[in-house]
Amino acid sequence: MTISRALSPTTVTLILMGAVAIAVPFFTASYGIYVASLMLINVLIAVSYNFLIGYTQQFSLGHVALYAIGAYGTAAGVVHLGLPYVLAIPFGATLACLGGVLVALPALRLKIFYLAISTLALTMLVHWGLMHGGALTGGGSGLRVGRADFAAIGLSADQGAFYLILAAVTVIILIAYRIMASHVGRRMLCIGEREVIAGALGIPVYHTKVKVFAVSGLLVGLAGGFAVLLLGFADPETFFIINVILFFMFVIVGGRKFILGSVVGAVFLTGMWEYLRLLQGLHEIGLGLLLLAFMMFMPVGIVGALAAKFPAWREMRHAAGIAERTDAGRTTEVIERARARHKALDSDGQSTVARIPAAAGHNDTGVPDGHSSVSEPPVVELLGVSKRFGGVVALNNIELSFSPGQIHGIIGPNGSGKSTLINIMSGVVKPDSGSLRLFDENVTGQTPSLMARKGIVRSFQDTKLVPSLTVLENVMLGSDKWRTAGAVAAAVGTKTFRHEERQAISDARWALDFVSMSEFENRLGNQLSGGQMRLVEIARAVASQSPLILLDEPAAGLSLNRIDSLRNLILRLKNELGVTVILVEHVLNLVFEASDDVTVLAAGEVIFRGTPEQARDDEQVRSAYLGSHR
Ligand code: ADP
Ligand code: MG
């Protein structure tokens, strides 16, 4: 641990960049300075592209177009507007940033394949525009700009450009590390790997994506500006087609989802490219073969492979220092905070009553007060809700309400509409008709994100953890919806940001302790058994401090022993945390033993509602299960 902390990515970057700053201009001729500058520019491209196609997995092929927009914006700024480079480069980058937002618009709607194709079309369109832009773009021969003059500070044009680019890229990498190690980076990974989860946890998926496109566009536009600074011109060929593949390779070869991967990939491939060019005409083939080799033998890239071999080297995604010093929170404090949060929502008028019943395990009498709350309004109400999928009526005119502080079991044969019911209550599926009330407020048709922020959290039938986040980080996603600090605060490391980060860690540790999974906190999300993942998912729900938890078949695939402890855990959710639980389950014994009341669905209709004892004895319930298992 101490070695990896002493050699934090930040330290390594500073040492490396310092060495480059000293070595390159003094020990190489101008070609060496040129190649080093190009490497740095490509590092910037790789980092920005990695945000998009690595972390957030928005498969855009429009990055080259944004690069060109940054370059041409810079060149046009100097040539047509008479701006100095220091203003022209930010001007070009701003244009590319706006371009990034434009690319984001289709990306928010299109599936991966269509996004790739439509952004490729955009790239070709921009290329065409540059070729036919007349005096504005200089057509096929491009815009000649002339180098910036650094004589005033005693540097040649090459050296001046090199140092400027080096300084900018170093600062950007350091900022990128910080942001990727924060909740913003975790959000991006969650959106990239498990978008449904992000929405269900109240992470602002839409906003995050737009911001990633904007920042990514800004950075690649900056790279375009630097390229003009380095070359002294912008021409259509420098910025096209082969670059679509090259940019992609920077990220893949280095290792997606690692900032260090982008650095390694860009430096390695730029060097390779310059070398292969000596082989006259074979360089494109060489590049193609290299890409194939990596895809086949090292799909996770160089840094990805290293990180798998040496876990201590794994880029630490939550501030390691903070995590080491943070203890698990205490139940009473977490409950207090949850109450305060929901009260705050209440007084803002954004939500009416999101009740957190008293923590029964911690009150004076030790008697659960869930039962005293019968007169309180229901936490969820479905009023005449129907949903069909094509010809299938998944839910037919459902009237249901669930009172606070209790465990509500929902059973029914396969395909009876249980998951659809949960999906509707959590906003993942919109009802065709009828309305939905959450905490006494009409939320029909609202997004999952909004429902999550109103106080609902759910698990999924097919368990979903974010594979490349650790268990602790996965659980931290639960309370992400309460974060107020953004990317800038994370980059600067403001007091609010650090406080929230520490709180998220301590809440996550408390939640992991609640489900007895503390010892696994440093495992990756994909290194657990199915049963363990279930528990982590429940911990994530607990960490979200939501008054209402929906569980979709949490016992599926668990052994009898584990089902027993799951039952105790669910009872503790109610008794110790005062949470309302809606439990959809196939394992009838679990439902009968844990629930306060049971609802039976069959073919999209409620055929029974009553106590577990009544359900056991009911003729209709039994016949609904005849022919179905159990
Ligand atoms: P359960 O969870 O009780 O097994 P579901 O709610 O998953 O049942 O499904 C109810 C019915 O709706 C089934 O017939 C299922 O095939 C159908 N259904 C559910 N979701 C979809 C979907 N996204 N597209 C098409 N049909 C669906
Ligand atoms: Mg289901």
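Both ligands and their constituent atoms are indexed starting at 1 by order of listing. Treat the numbers as computed from the prediction; the structure is a model and nothing was measured.
- Checked by distance only, ligand 1 and Ser419 come closer than 3.5 Å through their nitrogen or oxygen atoms.
- Heavy-atom separations between Ser416 and ligand 1 include at least one value shorter than 4.0 Å.
- Using a 4.0 Å cut-off between charged nitrogen and carboxylate oxygen, Arg616 and Glu613 do not count as a salt-bridge pair.
- For the 3.5 Å distance criterion, the side chains of Asn396 and Arg388 fail to qualify, holding no donor opposite an acceptor.
- Residues Ile203 and Leu477 are in side-chain contact: their nearest non-hydrogen atoms beyond the backbone lie under 4.5 Å apart.
- Of the protein's non-hydrogen atoms, the one nearest atom 4 (O) of ligand 1 is Gly415 N, 2.8 Å.
- Taking backbone and side-chain atoms together, Thr420 has no N/O/S atom less than 2.8 Å away from the Mg ion (ligand 2).
- Scanning the protein for heavy atoms near atom 12 (O) of ligand 1, the closest one is Ala394 CB, 3.4 Å.
- When only non-hydrogen protein atoms are considered, atom 15 (C) of ligand 1 lies nearest to Val392 CG1, 4.9 Å.
- Inspection of the Asp552 and Ser419 side chains reveals an N or O donor paired with an N or O acceptor under 3.5 Å.
- Using a 4.5 Å cut-off on side-chain heavy atoms (C-beta onward), Ile424 and Lys387 make contact.
- Between Tyr114 and Phe59, the ring center distance fails the sub-6.0 Å criterion.
- At least one side-chain heavy atom of Ile197 sits less than 4.5 Å from a side-chain heavy atom of Phe460.
- Set against the non-hydrogen atoms of Asn414, the atoms of ligand 1 under 4.0 Å away are 4 (O).
- Nearest protein heavy-atom neighbour of atom 8 (O) of ligand 1: Gly417 N, 3.2 Å.
- At a cut-off of 2.8 Å, Ser419 coordinates the Mg ion (ligand 2) through an N, O or S atom.
- For atom 19 (C) of ligand 1, the nearest non-hydrogen atom of the protein is Phe389 CE1, 3.4 Å.
- Considering Ile424, Thr420, Leu395 only, the shortest heavy-atom separation from atom 5 (P) of ligand 1 involves Thr420.
- Ring geometry, His408 versus Phe402: the interplanar angle exceeds 60°, so the pair is classed perpendicular (tilted spans 30 to 60°).
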